[in-house]
Amino acid sequence: MDLKGRDFLKLLDFTPEEITYLVDLAADLKDKKKKGILVDHMHRGKNIALIFEKTSTRTRCSFEVAAHDLGMGTTYLEPASSQIGKKESIADTARVLSGMFEGIEYRGFDQSIVEELAKYSKVPVWNGLTNEFHPTQMLADLLTIREHFGYLKGIKLAYMGDARYNMGNSYMVTCAKMGMHFVACTTEKYFPDAALVEQCKEIAAQTGGSITLTEDAMAGTKGADVVCTDVWVSMGEPDEVWAERIKELSPYQVNKTIMDNAGEQAIFMHCLPAFHDLNTKIGAEIAERFHITEMEVTDEVFESSQSLVFEEAENRMHTIKAVMAATLE
Ligand code: CP
Ligand code: NVA
């Protein structure tokens, strides 16, 4: 398998075999890390640029730690300290950075931006989250699911909440590619884009997976192996949408009733950050405005033994390391 020079923009661009190769490589790199086997010879002396137009804890730390482990240097560009999009176009930025760095990570808004960056870049571009997709998160989730169950094909994954944004779209694509059964449980308004649903159904028909969209949370989560969700309001969305999201998505909260309905085998996953208590500024503000103490997931589920969210978070680093190790020339 040779992925050298490839961009990593969305899983739609990769075959199931290529995705499996990246998950296998991540598992191997994780094993090496645990055993203290250094891999800093792999890309020693190279440098990568990390462009973040939205905030991050996991993705930024994963890229920085993984790059360091591979022997590379990193430069972090935050929105306020770079010219991107304000004084300099994406195309010009790509050509400038290509001359100094061996790889570029981009987190920001429209998928078209990261696609344009990749078009003009001479070095691999990695998508660290856009409005539409979060592909590095998907590799971490696949590794976590495979570590837990031992396989991916045939796994039933039920996604609760806002299914038409980066996490919902990405899970649907991932399940289709890997022969898994994806169920979006939400109101019709939050179903993924119809064209993407059709595309995923066609892929799933080839891999043995399936795509289901339902408003019935109990039917959708029945017997699910993985129950997952995401924040109800994503980065970059206006504050004004909180009221409607709470009203419309509360019936799709992941709570004990849902986990019991899924069954004892079910695990809970969340890309994080999650609103499961009042220990955040926004969580406390929302509690005051709307009189709710938990949102997309209850604290009981988040803290339960079925919850694998911190294993999932750690796997961000191992999988991002695999993406860089595989695609860098
Ligand atoms: N899951 C995830 O992407 O987290 P960050 O926003 O902290 O990077
Ligand atoms: N949907 C969330 C994911 C965060 C990792 C967001 O875009 O804010």
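Note that the numbering runs from 1 along the sequence shown for the chain.
With rounding to the nearest 0.5 angstrom, the CG atom of Leu152 is 7.0 Å from the OG1 atom of Thr20. Taking NZ from Lys153 and CE from Met178, the interatomic distance works out to 9.0 Å, rounded to the nearest 0.5 Å. Here the OH-CG distance, from Tyr165 to Asn131, works out to 3.5 Å after rounding to the nearest 0.5 Å. To the nearest 0.5 angstrom, His276 atom NE2 is 12.5 Å from Gln253 atom CD.
Lys46 contributes no side-chain N or O that, together with a main-chain N or O of Ala67, makes up a donor-acceptor pair within less than 3.5 Å. In this structure, Thr298 contributes its side chain and Asn255 its backbone to no donor-acceptor pair below 3.5 Å. Side chain of Ser170 to backbone of Met138: no donor-acceptor contact under 3.5 angstrom is found. In this structure a side-chain-to-backbone donor-acceptor pair under 3.5 Å is missing from Glu296 to Ala274. A side-chain donor-acceptor contact under 3.5 Å links Ser304 to the backbone of Val301. Looking only at distances, a side-chain donor or acceptor of Gln265 sits under 3.5 Å from a matching main-chain atom of Ala262. Distance alone, capped at 3.5 Å, is enough to place a donor-acceptor pair between the Arg245 side chain and the Trp232 backbone. A distance-only check finds a donor-acceptor pair linking the side chain of Thr207 to the backbone of Ala176 [under 3.5 Å]. The backbone N or O of Glu188 lies less than 3.5 Å from a partner atom in the side chain of Glu215, making a donor-acceptor pair. Of the possible donor and acceptor atoms, one in the side chain of Asp225 sits under 3.5 Å from a partner among the backbone N and O of Lys156.
Closest of all the heavy-atom pairs between Leu278 and Gly283 is CD2-O, 3.7 Å. Residues Ile267 and Met269 share a closest heavy-atom pair of CD1-SD, 3.9 Å. Between Ala217 and Asn261 the shortest heavy-atom distance is O-ND2, 4.3 Å. Here the closest heavy-atom approach between residue Leu70 and residue Met42 is recorded as CD2-SD, 3.8 Å. A pairwise comparison of heavy atoms in Ala49 and Phe101 identifies N-CD2, 3.5 Å as the closest pair. Pairing each heavy atom of Phe133 with each of Pro135, the nearest pair is C-CD, 3.6 Å.
The number of heavy atoms from other shown groups lying within 6.0 Å of NZ (Lys86) is above 12. Annotation for Lys189: atom NZ counts as buried by contact number, over 12 foreign heavy atoms lying within 6.0 Å. Counting heavy-atom neighbours within 6.0 Å of Ile292 CD1, excluding the residue itself, gives a total above 12. Lys4 NZ: more than 12 foreign heavy atoms inside a 6.0 Å radius.
Counting heavy atoms from C-beta outward, Val183 and His181 have side chains that stay 4.5 Å or more apart. A heavy-atom distance below 4.5 Å is not found between the side chains of Gln199 and Asp193. At a threshold of 4.5 Å between non-hydrogen side-chain atoms, the residues Glu18 and Leu22 do not count as touching. Looking at Val254 and Phe268, their side chains come closer than 4.5 Å, going by heavy atoms from C-beta outward. A heavy-atom distance below 4.5 Å is not found between the side chains of Thr75 and Asn47. Two residues are said to be in side-chain contact when any heavy atoms from C-beta on lie closer than 4.5 Å; Gln111 and Val114 meet this criterion. Using a 4.5 Å heavy-atom threshold, the side chains of Trp126 and Met324 count as touching. A 4.5 Å side-chain heavy-atom check between Met235 and Thr55 finds at least one atom pair inside the cut-off.
Between Tyr159 and Phe182, the ring planes lie parallel to each other; the angle is under 30°, not in the 30° to 60° tilted range.
Under the 4.5 Å side-chain heavy-atom criterion for Ile, Leu, Val, Met, Phe, Trp and Tyr, Phe310 and Leu139 are members of distinct hydrophobic clusters. Under the 4.5 Å side-chain contact rule for hydrophobic residues, Leu11 and Met167 share a cluster. Ile19 and Leu157 fall within a single hydrophobic cluster, where Ile, Leu, Val, Met, Phe, Trp and Tyr side chains are chained together by heavy-atom contacts under 4.5 Å. Under the 4.5 Å side-chain contact rule for hydrophobic residues, Trp242 and Val231 share a cluster. Hydrophobic clustering (ILVMFWY, side-chain heavy atoms < 4.5 Å, transitive): Phe8 and Val123 are in distinct clusters.
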Apply side chain to side chain contact (heavy atoms under 4.5 Å, CB included) to His318 and Leu29, showing your working. CA-CA 6 Å; His318 304 298; Leu29 289 165; 5.6 Å; no
Evaluate side chain to side chain contact (heavy atoms under 4.5 Å, CB included) for Ile113 paired with Tyr106, printing each intermediate quantity in order. CA-CA 9 Å; Ile113 300 173; Tyr106 174 86; 3.5 Å; yes
Dump the intermediate steps for side chain to side chain contact (heavy atoms under 4.5 Å, CB included) on Phe63 and Thr74, then the final yes or no. CA-CA 8 Å; Phe63 270 99; Thr74 56; over 6 Å; no
Would you sort out whether Val173 and Leu196 count as a side chain to side chain contact (heavy atoms under 4.5 Å, CB included), showing the intermediate values? CA-CA 8 Å; Val173 170; Leu196 185 63; 4.2 Å; yes
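A search for side chain to side chain donor-acceptor pair (under 3.5 Å) contacts involving Asp141 returns Gln137, Tyr171, not counting sequence neighbours. Taking the ring-ring contact (aromatic ring centres under 6.0 Å, His included) definition, one finds that Tyr252 meets it with nothing, sequence neighbours left out. The side chain to side chain donor-acceptor pair (under 3.5 Å) test applied to Arg107 returns Thr59, not counting sequence neighbours. Listed by chain and number, the residues in a ring-ring contact (aromatic ring centres under 6.0 Å, His included) with Tyr190 amount to none (sequence neighbours excluded). Applying the side chain to side chain donor-acceptor pair (under 3.5 Å) test to Asp162 and every residue at least two apart in sequence or in another chain returns Arg164. In this view, Phe149 satisfies the ring-ring contact (aromatic ring centres under 6.0 Å, His included) rule with no residue, not counting sequence neighbours.
Salt bridge absent: Glu115 and Lys119 never bring a charged side-chain N and a carboxylate O closer than 4.0 Å. Look at Lys10 and Glu132 and you find no salt bridge, because none of the NZ, NE, NH1 or NH2 atoms lies under 4.0 Å from a carboxylate O. Using a cut-off of 4.0 Å between Lys/Arg side-chain N and Asp/Glu carboxylate O, Glu314 and Lys33 are scored as not salt-bridged. One finds a salt bridge joining Arg95 and Asp92 here, because a Lys/Arg side-chain nitrogen approaches an Asp/Glu carboxylate oxygen to under 4.0 Å. Taking a cutoff of 4.0 Å between a charged side-chain nitrogen and a carboxylate oxygen, Asp24 and Arg146 qualify as a salt bridge.
Test Asp28, Asp40, Asp69 against Lys321 for salt bridge (charged side-chain N to carboxylate O under 4.0 Å, His left out) and you get one pass: Asp69. When each of Thr327, Leu117, Val125, Ile104 is tested with Asp7 by the rule side-chain contact (heavy atoms from CB on, under 4.5 Å), just one qualifies, namely Val125.
Both cation-pi conditions hold for Arg60 and Tyr76: the charged atom is under 6.0 angstrom from the six-membered ring centre and inside a 45 degree cone around its axis.
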